[in-house]
Amino acid sequence: MNYRATPITRPLRIGIVGGGQLGRMLTISAKKMGFIVAVTDPTPESPAGQVADRQIIGGYKDEKSTRELAKISDVLTVDAEFVNDEVLQKLEDEGAVIHPSPKTITVIKDKLKQKEFLTSHHIPTAEFKSVTSEKDVEEAIEIFGLPLLLKARTDAYDGKGNFVIHEKSDISKGLEKLKNRSLYVETFVPFTLELAIMVARNTKGEITTYPVVETIHVESVCDTVMAPASISPRAKKNAEDIAIQVVDKLDGAGVFGIEMFLTKDDRVLINEIAPRVHNSGHYTTEACITSQFEQHIRAITGMPLGETTMLVKAAVMKNILGEKNGDGIPEGLEKAEKIPKTFIHMYGKKESRPGRKMGHITVIGETIEECLKKANMARSFLVI
Ligand code: AMP
């Protein structure tokens with residue numbers, strides 16, 4: 001398609017490496033705003049491929065499809081950090097416009113490098129140490145004590161690639177579970193709450209933050225997000241300050257998801273940075289003036305950032321994770337859809353599997369309690 005009757009003032013064609021649910025929701029926003037969108041994904045009719053103008057079949061790390069995408073895009077972005085950052089770096093060196101910067105993706109996709117980046121900028125995070133052997137882990141226990149988390153450095157998300165070491169005898173089990181992967185350990189943070197905040201920076205350097213939210217993880221996977229978080233003004237300020245500090249030190253435009261731990265004395269430590277839209281920001285679609293997805297498209301295409309204020313007093317997001325192998329559409333949808341101010345998003349995945357992110361529910365309302373009750377009720381009606 002060629003729309004160029006007038007000189008281009010901003011990129012028109014957006015390429016997304018990765019066609020999962022984040023790519024899908026980014027594409028839906030971009031299409032509303034008039035952009036042409038292509039995605040790469042190994043699975044035909046991927047969640048994003050179903051709504052994009054074009055899908056190139058290819059894995060997240062595949063050089064050929066990433067290059068093909070770059071050829072038909074004015075700006076490239078990603079729906080995950082486990083992409084081929086070396087290829088993206090080469091493409092940027094060859095003149096492609098990529099947000100966030102491949103340098104940022106290189107730092108973030110390796111959790112150990114991410115920790116080193118944070119400490120080099122004096123940003124609080126759990127203490128950590130690179131490990132390659134049982135002896136290294138024993139040494140780490142000597143230094144930090146127990147419990148410790150053994151974590152895979154790359155391709156690790158939703159707790160996949162994490163192992164908790166409660167006692168010395170767990171070390172060999174952990175190393176066996178995560179064999180053939182580069183590892184590090186970090187200290188266990190006795191947090192009171194888990195928090196997250198989405199931050200956006202556009203190509204002009206303007207930065208804006210979304211409300212601080214509370215996240216609840218079940219078996220290391222995000223289960224529920226409550227917006228705004230019920231925390232003290234001091235904790236809120238600490239979270240906002242630290243999130244801006246993080247993004248300020250990273251190159252490139254886009255939305256960043258910053259996950260944090262809150263301690264009992266209202267200090268905030270960074271758990272993890274995502275160089276992209278994030279599960280903890282899904283609530284913004286119904287609850288904020290500008291959704292995180294629209295904001296990311298605005299940020300990477302040189303548009304002014306949108307307002308991030310909430311339109312409602314409270315919102316709760318609950319993930320719809322697969323419980324069994326089967327169909328991608330849940331039973332019980334109609335019953336759940338009848339609940340007022342309840343929005344059910346399905347990602348168009350053909351098959352459900354235990355633990356697979358199949359969709360999410362957002363409820364908006366006057367209080368967190370009311371929204372939480374409805375979100376849990378809606379989820380209980382669904383079988384997937
Ligand atoms: P991750 O995928 O590494 O963010 O870990 C998933 C979840 O595991 C987090 O949301 C926390 O609930 C828990 N977790 C990860 N790292 C730590 C830590 N250092 N201390 C305490 N809990 C942690």
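Keep in mind it's a predicted model, so treat the numbers as computed, not measured. Remember, it's 1-based here, ligands and their atoms both numbered in the order they're listed.
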Q) Counting both backbone and side chain atoms, is some N or O of Glu194 under 3.5 Å from an N or O of ligand 1? A) yes
(Q) Val189 versus ligand 1: do any nitrogen or oxygen atoms come within less than 3.5 Å of each other? (A)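 Between Val189 and ligand 1, an N or O pair is found under 3.5 Å apart.
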Q) Which is closest to atom 19 (N) of ligand 1 in terms of heavy atoms, Glu219, His217, Glu186? A)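 Comparing heavy atoms across Glu219, His217, Glu186, the nearest one to atom 19 (N) of ligand 1 lies in Glu186.
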**Q.** From Leu149, Leu148, Val164, Asn271 - option closest to atom 18 (C) of ligand 1 by heavy atom
**A.**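 Selected option, by shortest heavy-atom distance: Leu149.
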For [atom], what's the nearest protein heavy-atom neighbour? Residue, atom name and distance, please.
atom	result
atom 5 (O) of ligand 1	Asn162 ND2, 3.2 Å
atom 22 (N) of ligand 1	Phe191 CE2, 3.5 Å
atom 2 (O) of ligand 1	Gly159 N, 3.2 Å
atom 23 (C) of ligand 1	Phe261 CZ, 3.6 Å
atom 8 (O) of ligand 1	Ser220 OG, 3.5 Å

Using a strict 4.0 Å threshold on nitrogen-to-oxygen distance, state whether [X] and [Y] make a salt bridge.
X	Y	value
Glu294	Lys32	no
Glu366	Lys374	no
Arg67	Glu94	yes
Lys373	Glu369	no
Glu351	Lys324	no

Q | His360 and His345 aromatic ring geometry - parallel, tilted or perpendicular at 30°/60° bounds | A | parallel
(Q) At less than 4.0 angstrom from any non-hydrogen atom of Lys111, what atoms of ligand 1 do you find? (A) 1 (P), 2 (O), 3 (O)
(Q) Using a 4.0 Å cut-off to any heavy atom of Lys151, which atoms of ligand 1 qualify? (A) 3 (O), 15 (C), 16 (N)
Q | Backbone N/O of Ile56 and side chain of Thr40: donor-acceptor pair under 3.5 Å | A | no
Q.
Give me the atom names and distance for the closest heavy-atom approach of Met198 to Val255.
A.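 The pair with the smallest heavy-atom distance is CE-CG1, 3.4 Å.
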Q) Hey, is atom 15 (C) of ligand 1 touched by any protein heavy atom at less than 4.0 Å? A)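 Protein heavy atom within 4.0 Å of atom 15 (C) of ligand 1: present.
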